[in-house]
Amino acid sequence: MAPKTLFEKVWEAHVVDEADGRALLYVDLHLVHEVTSPQAFEGLRLTGRRVRRPDLTVATVDHNVPTESRPSPILDAIARRQVEALRENCEIFGVTYFGIESDRQGIVHVIGPELGLTQPGMVIVCGDSHTSTHGAFGALAFGIGTSDVEHVLATQCIWMKKPKTMEIRVEGQLPRGVTAKDLILGIIGRIGVDGAVGHVVEYTGSAIRALSMEGRMTVCNMSIEAGARAGMIAPDATTFAYLESRPFAPRGREWERALAYWQSLPTDPGAAYNKTVVIDAGTMEPYVTWGTRPDQVAPITGRVPDPASLARPEDRAAAERALQYMGLEPGTPIQEIWVDRVFIGSCTNARIEDLRAAAAVVRGRRVHPRVRAMVVPGSTQVKRQAEAEGLDRIFKEAGFEWRESGCSMCLGMNPDILRPGERCASTSNRNFEGRQGPGGRTHLVSPLMAAAAAIAGRFVDIRTWDWDE
Amino acid sequence: MEPFRRHTGIVVPLDRSHVDTDQIMPKQFLKRIERTGYGEFLFFHWRYRPDGRPDPTFELNGPAYQGATILATGRNFGCGSSREHAVWGLKDYGFRVLIAPSFADIFFHNCIQNGLLPAVVTEEAARAIIDRARTQPGWRLTVDLERQILSDEADLYIEFHIDPQARERLLNGWDDIDLTLLREDRIRAYERRRPKWLPRVSQPSGT
Ligand code: SF4
């Protein structure tokens, strides 16, 4: 048999039918949230259709739930309507729903893995572009629009044109203080925001294998920021250890059978990718974005670039616009950029390991008096775990706000937004204009770098600090 | 869905690359539970100033571009969030065709699902179209999906590219769900051979 890539194996195992150059793929897990689903359920109602597999569908509320406290009902009337609509739809269509009061509530991309719903070899979809996160387990996971959400609800299948494959091989070791977040920012900085359009990326190499599941999820999460259809990492002992004994993971003999299948998934030696990029992990640094696209990044030791120095006219114009929006002068050292706000949260970096890393930097230190900083755990489970470990106290004693779980200031659909002109060090994934609030200025960084920025009031090179890893 | 064959309309230029869906439809308008009525919020923060008045420097607000149905723009249009609200907004505003050197994957797919034509042209062709729309406000273009040609009343004649399968669906106005439901027997057969150990949410193995 010809050698195959991880992606090809998962793809082929899910083809239900083929027509006109597209495949109809079977979906093993459909995650649903309140923002991109109401119109899909409405479509089902209008056509008298049902949810084909409520047992493979899970809904939660994350995007516009308040995180300061949990008032019931939610105060914002429109958000309340959307959350209520999801609860009602789940009731009517028989879908499992983790509501605001559930201890399984959280950001969809955090709860899928932590409940053990996300498993190797699956096809996973959600009406959300960061569904790519689940690829960290060797699943084929991608975001879809609302029409497709309706399609999956009705048929449990999705049409897709076969994407091309791209290998991003990261060899070597990440230096101390350089995290999975820095690695993916470094990669996007190198290949650009459309560097992987039309491709499913597989991350390979010794530096990827050395990452924890949390780190792998951070990397796969941001694949979409390079335009990729999905990101994947081959399952291995790290994956299996993470999954074992999670609530929805198989048990006993079923675990053995699953394991045997999962072990067959990694890319065969000699399998070909359409494209390969090789990265030396040792050259990675802590990165900070300076612009309004995730590929506008500079190392912490660098400076805000001068648009005039960019080769392509298109990049020059975009950089000029970005600097104007961000209120930055060309040539400013990154370490001289002051911040007003710090946000540690989002599906990129709000898992337990991220909070542990940030807390290690914060321990025994104080948030800078000019800065307002908050930690928003990725799920209610993460919040409880962190509290059991005493991380909440470390953050609160340092002057951080400690919140309930949700997307919060990653996109500011709830009351947490930046004011115009406010500058934020954020562990999220998008620095688009107005993402965290109209006129707000977002700099993407790792949890370590965000924690340090909260203390120093500006960006600092975490590598020069002492902290207990 | 209404089939798409041929369309003639005014072209509005948006000379930017990597326009993300957060700009096309900002988040504060995603709280609605309807599929319609998004046109007035399209490009909200570019279109309106903080005081709520239209920003005269933004292309869509130019008097000559009122009633435009074709948007010509830079590469990687529609990147970022998967929100279909961006496509609903473009359609509701009146757009029937988008022209760019490339589109982001999820966004492209959302366009097809809604009968909005994303026409792919070369960087040079996109530049020529943007320049013409800019220097001749009110300029009209005819988009022929059957022949995959863009043409004006003067000498412009450009071939555009679109995935053949997407083209077919637009031409026929096909709805994906109908297509899929025809394959019920295939889906059932697949379900029969699907491994039993895969998780079901209604029966966690822990309970
Ligand atoms: S945390 Fe941010 S990026 Fe992740 S799902 Fe929520 S809004 Fe989207």
Side-chain angles (χ1 to χ4, degrees), chain A residues 16-17 20-22 24 26 28 35-36 38-39 54-58 64 78-79 81-82 85 96 116-117 119 127-129 143-148 150-151 154-157 159 161 193-194 197-198 227 229 247-251 254 257-258 293 314 318 411-413 430 432-435 438, chain B residues 15-18 20 22-23 26-28 30-35 45 50 74-76 79-85 87-88 102-107 109-110 113-114 163-166 168 176-177 179-181 183 186-187 189-191 194-207:
Chain A
V16 170
D17 204 353
D20 313 315
R22 281 197 305 173
L24 186 65
Y26 198 81
D28 298 304
V35 176
T36 54
Q39 297 85 357
D55 59 332
L56 306 184
T57 311
V58 183
N64 57 39
I78 313 176
R81 204 163 132 237
Q82 214 168 46
T96 300
L117 287 164
Q119 295 174 15
D128 192 283
S129 59
I144 56 178
T146 299
S147 296
D148 277 344
E150 181 178 342
H151 184 274
T155 68
Q156 201 56 32
C157 295
W159 286 103
K161 201 179 143 181
V193 286
D194 57 356
V197 168
R229 202 70 183 84
F248 289 92
R251 308 255 153 144
E254 301 212 318
R257 287 177 54 192
R293 279 176 10 205
E314 182 201 324
L411 92 167
M413 271 189 83
R430 285 189 177 138
F432 296 155
E433 282 182 30
R435 173 78 178 180
Chain B
D15 192 3
R16 298 176 195 185
S17 297
H18 309 287
D20 61 78
D22 275 67
Q23 309 314 315
K27 65 208 157 220
Q28 62 268 42
L30 310 186
K31 289 187 187 174
R32 298 153 46 86
I33 57 175
E34 297 81 20
R35 214 182 258 262
H45 295 295
R75 77 189 159 100
N76 198 28
C79 59
S81 161
S82 62
R83 57 187 73 166
E84 197 163 313
H85 312 66
V87 172
W88 298 335
S102 63
F103 295 92
D105 288 331
I106 304 176
F107 177 83
H109 190 69
N110 287 341
Q113 293 282 35
N114 287 276
D163 174 68
Q165 192 282 324
E168 199 65 6
D176 259 353
I177 300 186
L179 285 179
T180 308
L181 289 175
R183 293 168 164 81
R186 301 295 306 257
I187 301 174
Y190 183 90
E191 283 176 332
R194 196 172 165 268
K196 291 278 176 291
W197 47 262
L198 283 165
R200 285 178 181 74
V201 204
S202 42
Q203 315 164 328
S205 49
T207 55

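Computed from a prediction, not measured in an experiment: that's the story for all the values here. Reminder, nothing fancy here: chain letters follow the sequence lines and each chain counts from 1.
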task: Would you mind checking which part of B:E191 comes under 4.5 Å of any heavy atom in chain A, side chain (CB onward), backbone (N, CA, C, O), both or neither?
output: side chain

A:E314 portion near chain B, given a 4.5 angstrom heavy-atom threshold: side chain

message: Using the salt bridge (Lys or Arg N to Asp or Glu O under 4.0 Å) criterion, which residues pair with B:R16? Sequence neighbours excluded.
response: none

- prompt: Considering only heavy atoms, which portion of A:R430 lies under 4.5 Å from any heavy atom of chain B: side chain, backbone, both, or neither?
  reply: side chain

- request: Could you look at A:T96 and say if it's the side chain, the backbone, both or neither that has a heavy atom under 4.5 Å from chain B?
  value: side chain

- line: Heavy-atom nearest pair, B:R183 first then A:L24, reads CD-CD2, 4.0 Å

- request: With a 4.5 Å cut-off on heavy-atom pairs, point out which of B:L179, B:D176, B:L30, B:N114 contacts chain A the most.
  value: B:D176

- prompt: Highest number of heavy-atom pairs under 4.5 Å with chain A: which of B:W197, B:F107, B:W88, B:F103?
  reply: B:W197

- prompt: Is B:I106 close to A:S129 at the side-chain level, that is, under 4.5 Å between some pair of heavy atoms?
  reply: yes

message: Can you confirm whether the side chains of A:S147 and B:E84 place a donor and an acceptor under 3.5 Å from each other?
response: yes

task: Taking salt bridge (Lys or Arg N to Asp or Glu O under 4.0 Å) as the test, write out the residues that go with B:D15, two or more places apart.
output: B:R127, B:R134

query: Which one, B:V87, B:I187, B:L181, B:N110, leads in non-hydrogen pairs under 4.5 Å with chain A?
result: B:I187

message: Check A:R22 with B:D163, please: is the shortest side-chain N to carboxylate O separation under 4.0 Å?
response: no

statement: Looking only at A:G21, A:G116, A:G198, the option with the highest number of non-hydrogen pairs under 4.5 Å against chain B is A:G198

- request: Tell me, for A:N64 versus chain B, whether the close heavy atoms (under 4.5 Å) come from the side chain, the backbone, both or neither.
  value: side chain

field: B:K27 (side chain) donor-acceptor with A:G434 (main chain) under 3.5 angstrom
entry: yes

- prompt: Using non-hydrogen atoms only, which part of A:A258 is less than 4.5 Å away from chain B: side chain, backbone, both, or neither?
  reply: both

query: Can you say whether B:E34 sits under 4.5 Å from chain A via the side chain, the backbone, both, or neither, judging by heavy atoms?
result: both

message: Under 4.0 Å between a side-chain nitrogen and a carboxylate oxygen: does that hold for B:D20 and A:R293?
response: no

task: Salt-bridge test for B:R35 and A:E150: reply yes if a basic N is under 4.0 Å from a carboxylate O, no otherwise.
output: yes

task: Output the distance between atom OG (B:S102) and atom CG (A:D194), rounded to the nearest 0.5 Å.
output: 5.5 Å

Separation of A:W159 CH2 from B:I177 CD1 (nearest 0.5 Å): 13.0 Å

- request: Looking only at non-hydrogen atoms, find the nearest pair between B:D105 and A:G227 and report the distance.
  value: OD2-O, 3.7 Å

query: About how many Å separate OG1 of A:T36 and NE2 of B:H85, when rounded to the nearest 0.5 Å?
result: 7.0 Å

message: Can a donor-acceptor pair be found, under 3.5 Å and without considering hydrogens, that links the side chain of B:Q23 to the backbone of A:E433?
response: yes

task: Start with the C-alpha gap between A:I144 and B:H109, add the side-chain angles, then the distance that decides, and say whether side-chain contact (heavy atoms from CB on, under 4.5 Å) holds.
output: CA-CA 8 Å; A:I144 56 178; B:H109 190 69; over 6 Å; no

- prompt: Which region of B:R194, side chain (C-beta onward) or backbone (N, CA, C, O), has a non-hydrogen atom less than 4.5 Å from a non-hydrogen atom of chain A, or is it both or neither?
  reply: side chain

Option that, when pairs with chain B are counted at under 4.5 Å, heavy atom only, ranks first among A:D148, A:T57, A:D20: A:D148

- prompt: Looking at B:A104, B:S81, B:S17, which has the largest count of heavy-atom pairs under 4.5 Å with chain A?
  reply: B:S81

query: When rounded to the nearest 0.5 angstrom, what distance separates CG in A:D17 from OH in B:Y190?
result: 13.0 Å

message: So that I can tick it off, tell me whether A:E254 and B:R200 are bridged by a salt bridge, with the cut-off set at under 4.0 angstrom between side-chain N and carboxylate O.
response: no

field: A:P438 versus B:H45, closest heavy-atom pair with distance
entry: CG-CE1, 3.6 Å

task: Give the minimum heavy-atom separation between A:A79 and B:K31, together with the two atoms involved.
output: N-CD, 4.2 Å

query: Does the side chain of B:Q28 come within less than 4.5 Å of A:M413's, by heavy atoms?
result: no

- request: For side-chain contact (heavy atoms from CB on, under 4.5 Å), just list the numbers for B:V201 and A:L56, CA-CA rounded to whole Å, side-chain angles, deciding distance to a tenth of an Å, and then say yes or no.
  value: CA-CA 6 Å; B:V201 204; A:L56 306 184; 5.6 Å; no

task: With rounding to the nearest 0.5 Å, note down the distance linking CZ in A:F432 to NE2 in B:H18.
output: 10.5 Å

message: Counting heavy-atom pairs under 4.5 Å with chain B, which one of A:R257, A:R81, A:R435 comes out on top?
response: A:R435

